[in-house]
2 protein chains.
Amino acid sequence: MSEPTESSRPLRVVVADDQAAVREPLAAVLGLAEDIDVVAAAADGNGVLDAVAAGPVDVVLMDLRMPVLDGIETTRRLSDEHPGVAVVVLTTFADDDSILAALSAGARGYLTKNAGRQDIVRAIRAAAAGQSVLDREVQDRLLATVRARPTASGQQLPADLTPREREVLTLIGQGLPNRAIAEKLFVSEATVKTHINNLFAKAGIRDRADAVRRAIAAGLA
Amino acid sequence: MSEPTESSRPLRVVVADDQAAVREPLAAVLGLAEDIDVVAAAADGNGVLDAVAAGPVDVVLMDLRMPVLDGIETTRRLSDEHPGVAVVVLTTFADDDSILAALSAGARGYLTKNAGRQDIVRAIRAAAAGQSVLDREVQDRLLATVRARPTASGQQLPADLTPREREVLTLIGQGLPNRAIAEKLFVSEATVKTHINNLFAKAGIRDRADAVRRAIAAGLA
DNA sequence: CCCGGGTTCCACCCGTGGGTCCAGGTGTCG
DNA sequence: CGACACCTGGACCCACGGGTGGAACCCGGG
């Protein structure tokens, strides 16, 4: 999972924050670490995507509140299109919604802005190594959310669903109409309907609303 | 949250694993790091508690499967009686139950045994600094669990919904078609449709599938 | 007293969803 | 090779869902 020495080559890091007063000193202080190269500083999500497209990037240190394209959506796109790039969120906001949204979008770390320089550096290194670093209060909140619901943990779906059918069910669970599902899977709407009919029959699902509930209950969505 | 320099004084670490073949080399290799002192090695939970009672300890690296007193229970007692001691779990098992139990008991990190030396060292440092380090797959599982039963607290619905509209949304969330909702509320289907149109507009809900998701997320269903 | 929000209902339109039947192409396995 | 499962697609039908416009009733408050 990691090499014998901490720094085989410097980590290429992008710093994203809409406030220059935060972004610039942050980039400067991170650059002091020998194993970290701040290769770009962005003021919004588009800047991040541009920087990642321009050259190899290991870790993005991301603020959530940014104009045009916010941190959540940027994280989502990164984990879609550049899964090799790790995202560490650094924000003042640590409410449940933000935490869940960021981690669900694929963030590998979540720090609040009272984290110190060493905390941030450590989180960057961990994220680059495939680990995930959370502030203490963030972990507490995440855990509280988990324990709030005792998890019926249901896999009450029949096992004979084909992979494609599962895939379609997942997208239904996300609320997508058939046309959107068809586009996402690069097939025709007729095919989607076929899959839906088959999986409805197999799983005893009555209609679309029912399918959404089952997909969520099964942890697909 | 942390000091300007990574190691003001060495971290006092206790290694706990029932297998000597794991415990001894682990303790030895961790001691190589300049900022880590392995002050004790324990074969079960009682050994950990003894070591913590004997002298100041910063971090316990804890296996879960141990005789007499297992890692979960030991972690629970530590976070009760010695909340200043951070526990990092290091185990081969990464099933949902173990992860949730360990983190609920107060563990500040959870690594699987394919973590490398650097990963472990990093987790120890982070835990001592009040952060939490999770293996990637552990975070994924934790997140999947959270999303399977989303947010008891989530009331992200607009407040200006009328009682009747809430009621209708709840029934939609249970997968009922309009006719069934009408019968249940002793009104006509036209009335149900009116309520639906109004609440969709207010809450920004696109279609029925979306409504089901929102209802579940809001804890109505 | 009348205004406004909530609830109840009607008629109409039309897009999507759900069901049925069928069929070609692929892959695997006995 | 034939059988079978899976993914793909087209055609058709019709019910349900979602949107619009209107209307009536009750009730509480300005």
Side-chain angles (χ1 to χ4, degrees), chain A residues 80-81 83 154-221, chain B residues 150 154-221:
Chain A
D80 264 4
E81 299 160 22
Q155 279 293 68
Q156 64 273 33
L157 285 176
D160 61 330
L161 289 187
T162 71
R164 206 54 162 173
E165 286 162 356
R166 283 201 136 71
E167 208 167 354
V168 170
L169 180 54
T170 302
L171 294 173
I172 290 181
Q174 288 164 12
L176 301 184
N178 292 344
R179 195 185 338 104
I181 296 176
E183 285 168 9
K184 201 145 198 167
L185 298 182
F186 302 107
V187 298
S188 85
E189 205 174 326
T191 303
V192 174
K193 293 179 96 177
T194 303
H195 288 314
I196 289 178
N197 275 310
N198 291 336
L199 81 87
F200 277 18
K202 282 184 191 172
I205 297 175
R206 275 179 295 284
D207 51 27
R208 182 157 284 248
D210 198 17
V212 173
R213 298 175 57 237
R214 298 284 295 272
I216 293 176
L220 291 182
Chain B
Q155 282 291 67
Q156 64 272 35
L157 285 176
D160 61 330
L161 290 188
T162 71
R164 205 55 162 174
E165 285 163 357
R166 282 201 138 72
E167 207 169 354
V168 170
L169 179 54
T170 302
L171 294 173
I172 289 180
Q174 289 164 11
L176 302 184
N178 291 346
R179 198 185 330 105
I181 296 176
E183 286 167 9
K184 204 147 197 164
L185 297 181
F186 303 106
V187 297
S188 85
E189 203 174 329
T191 303
V192 174
K193 293 177 93 176
T194 303
H195 289 315
I196 290 179
N197 273 310
N198 291 335
L199 81 87
F200 276 19
K202 283 184 192 172
I205 297 175
R206 277 179 296 283
D207 51 29
R208 183 157 284 250
D210 198 17
V212 173
R213 299 176 56 235
R214 298 283 294 274
I216 294 176
L220 291 183

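Lettering follows sequence order; numbering is per chain, from 1. Remember, predicted model here, so these are calculated numbers, not experimental data.
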If I take atom [atom1] in residue [X] and atom [atom2] in nucleotide [N], what distance separates them, rounded to the nearest angstrom?
X	N	atom1	atom2	answer
A:E189	D:dA11	CD	P	13 Å
A:I181	C:dG17	CD1	P	8 Å
B:E165	C:dG6	CD	P	7 Å
B:I196	D:dT20	CD1	C1'	15 Å
B:I172	D:dC16	CD1	P	16 Å
A:N197	D:dC13	CG	P	17 Å
B:N198	D:dG21	CG	C1'	13 Å
B:F200	D:dC16	CZ	C1'	13 Å

Kindly say if [X] contacts the phosphate of [N], meaning a side-chain N or O under 4.0 Å from OP1 or OP2.
X	N	value
A:T194	D:dC7	no
B:H195	C:dT8	yes
A:T162	D:dC6	no
A:N178	C:dT16	no
B:R164	C:dT8	yes

Side-chain (B:R206) to main-chain (A:G175) donor-acceptor, under 3.5 angstrom: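 The answer is no, because no donor-acceptor pair under 3.5 Å joins these two groups.
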Approximate separation, where rounding is to 0.5 Å, of B:D207 CG and B:R213 CZ: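 Output value for this atom pair is 9.5 Å.
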Touch class at under 4.0 angstrom, heavy-atom based, for B:D207 against every strand present: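 Answer is sugar-phosphate: B:D207 comes under 4.0 Å of backbone atoms only.
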Touch class at under 4.0 angstrom, heavy-atom based, for A:T191 against every strand present: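 Base contact.
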Residue closer to the 5' end of DNA chain C, B:K193 versus B:S188 (nearest nucleotide):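 The residue mapped nearer the 5' terminus is B:S188.
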side-chain contact (heavy atoms from CB on, under 4.5 Å) between B:V212 and A:R208, intermediate numbers included: CA-CA 10 Å; B:V212 173; A:R208 182 157 284 248; over 6 Å; no
Side-chain heavy-atom pair B:I181, B:K184 within 4.5 angstrom cut-off: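 Answer no - side chains too far apart.
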Check: A:R214 and A:L199 side chains under 4.5 Å, non-hydrogen atoms: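 A:L199 does not reach A:R214 side chain to side chain.
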Nearest-neighbour nucleotide for the A:V187 side chain, D:dG9, C:dG17, C:dC10 considered: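 Looking only at heavy atoms from C-beta outward on A:V187, the closest nucleotide is D:dG9.
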Nucleotide of D:dG9, D:dG18, C:dG19 approaching A:A190 most closely (side-chain heavy atoms):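 Nearest nucleotide to the side chain: D:dG9.
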